[in-house]
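Letters A, B, ... are given to chains in the order of the sequence lines, protein chains preceding strands, and every chain is numbered from 1.
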Amino acid sequence: MQALPRSFYNRDTTIVARELLGKHLVRVTPEGRRVGRIVEVEAYLGPHDLAAHSSKGLTERTRIMFGPAGYAYVYLIYGVHHCLNVVTEPAGRGAAVLLRALEPVEGLTDRTNGPGLLSRAMGIDRNSNGHDLLSADLFIAEAGAREQIKIVARPRIGVEYARHWARRKLRFYERGNPFVSRT
DNA sequence: AGGATGATATCC
DNA sequence: GATATCATCCTC
């Protein structure tokens, strides 16, 4: 099981988001290995995207998001849940893809159909912020061949404050997959 | 429909 | 230093 190369992430964010569907997110801890198939994501395009954290500019919080591709950007939301993103595009762009839901593949017992649930089930919190996704304990890998994924594009969740950007169809999920978060 | 719960940005 | 807000989830 091989981590995707940095070049995979260092591309247009919308393309990366769509291609992440069907890939395997892998977490290795002393307790064992956990693997989930990515079935739902959202693209955050950069400072011009009013829904993206990077629209606030380069701050301590967004430092990782403005860094090079292939790193984990993890933050605490509503004081309760952690959200896992993968940084995309060259350093300075402030773009990332939020992982929103997984289909359990191995070692997963808790629910994974939502960004907070996904992070909790995979044992991911702020300690993983800035973690290189080309590492042995947290990475994304190609999955075994399946039938062609049918991708649905919809507006992103929870970004109504972002004016016209709230309507952009930057949420992508696999059509008919029961592990997609509810809406 | 509303509460949890804490980091962060943005004011004073 | 205070406060409003938040890329969610659960219970009522």
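Under the 3.5 Å distance criterion, the side-chain polar atoms of A/T88 are left unmatched by any main-chain donor or acceptor of A/T13. Checking side-chain atoms of A/S135 against main-chain N and O of A/L138 turns up a donor-acceptor pair under 3.5 Å. Panel note: side chain A/W165, backbone A/H48; a donor-acceptor pair is recorded below 3.5 Å.
Under the ring-ring contact (aromatic ring centres under 6.0 Å, His included) criterion, the residue pairs touching residues 74-132 of chain A are A/H53-A/Y75, A/Y73-A/Y75, with sequence neighbours excluded. Residue pairs that meet the side chain to side chain donor-acceptor pair (under 3.5 Å) test with at least one member in residues 29-41 of chain A, sequence neighbours left out, are A/T29-A/E31, A/R33-A/E106, A/R37-A/E103, A/R37-A/E174, A/E40-A/R100, A/E40-A/R171, A/E40-A/S181.
A/R61 is linked by a salt bridge (charged side-chain N to carboxylate O under 4.0 Å, His left out) to nothing, counting only residues two or more places apart in sequence or in another chain. For the salt bridge (charged side-chain N to carboxylate O under 4.0 Å, His left out) test, residues two or more places apart in sequence or in another chain that qualify with A/R11 are A/E19. In this structure A/E142 satisfies the salt bridge (charged side-chain N to carboxylate O under 4.0 Å, His left out) test together with A/K23, sequence neighbours excluded. The side chain to side chain donor-acceptor pair (under 3.5 Å) test applied to A/S119 returns no partner, not counting sequence neighbours. Residues passing the salt bridge (charged side-chain N to carboxylate O under 4.0 Å, His left out) test with A/D132 are A/R6, sequence neighbours excluded.
Taking 4.5 Å as the limit, some side-chain heavy atom of A/R27 sits within range of a side-chain heavy atom of A/I124. A heavy-atom distance below 4.5 Å is found between the side chains of A/M122 and A/L25. Using a 4.5 Å cut-off on side-chain heavy atoms (C-beta onward), A/Y44 and A/L98 make contact.
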Atom pairs, protein N/O to nucleotides 3-7 of chain B N/O, distance under 3.5 Å:
unit_1	atom_1	unit_2	atom_2	d
B/dT5	O2	A/Y78	O	2.2
B/dG6	N2	A/G79	N	3.3
B/dG6	N3	A/G79	N	3.4

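Within residues 153-169 of chain A, the residues having any heavy atom closer than 4.0 Å to DNA chain C are, in order of number, A/I157, A/G158, A/V159, A/Y161. Heavy-atom distances under 4.0 Å link DNA chain C to A/A51, A/H53, A/M65 of residues 48-69 of chain A, given in residue order.
Annotated stems with DNA chain C as a participant read B:1-4 with C:8-11, B:6-11 with C:1-6, given as range with range, by first number; only runs of 3 or more Watson-Crick or G-U pairs under 3.5 Å qualify.
From A/R146, atom CZ reaches atom CD1 of A/I149 across 8.0 Å, with rounding to the nearest 0.5 Å.
A 4.0 Å heavy-atom criterion places the boundary nucleotides of DNA chain C facing chain A at C/dC6 to C/dC10, written 5' to 3'.
Minimum heavy-atom separation, A/F179 to A/A101: O-CB, 3.3 Å.
No engagement by A/R120 is indicated, since no non-hydrogen atom pair under 4.0 Å with the nucleic acid exists.
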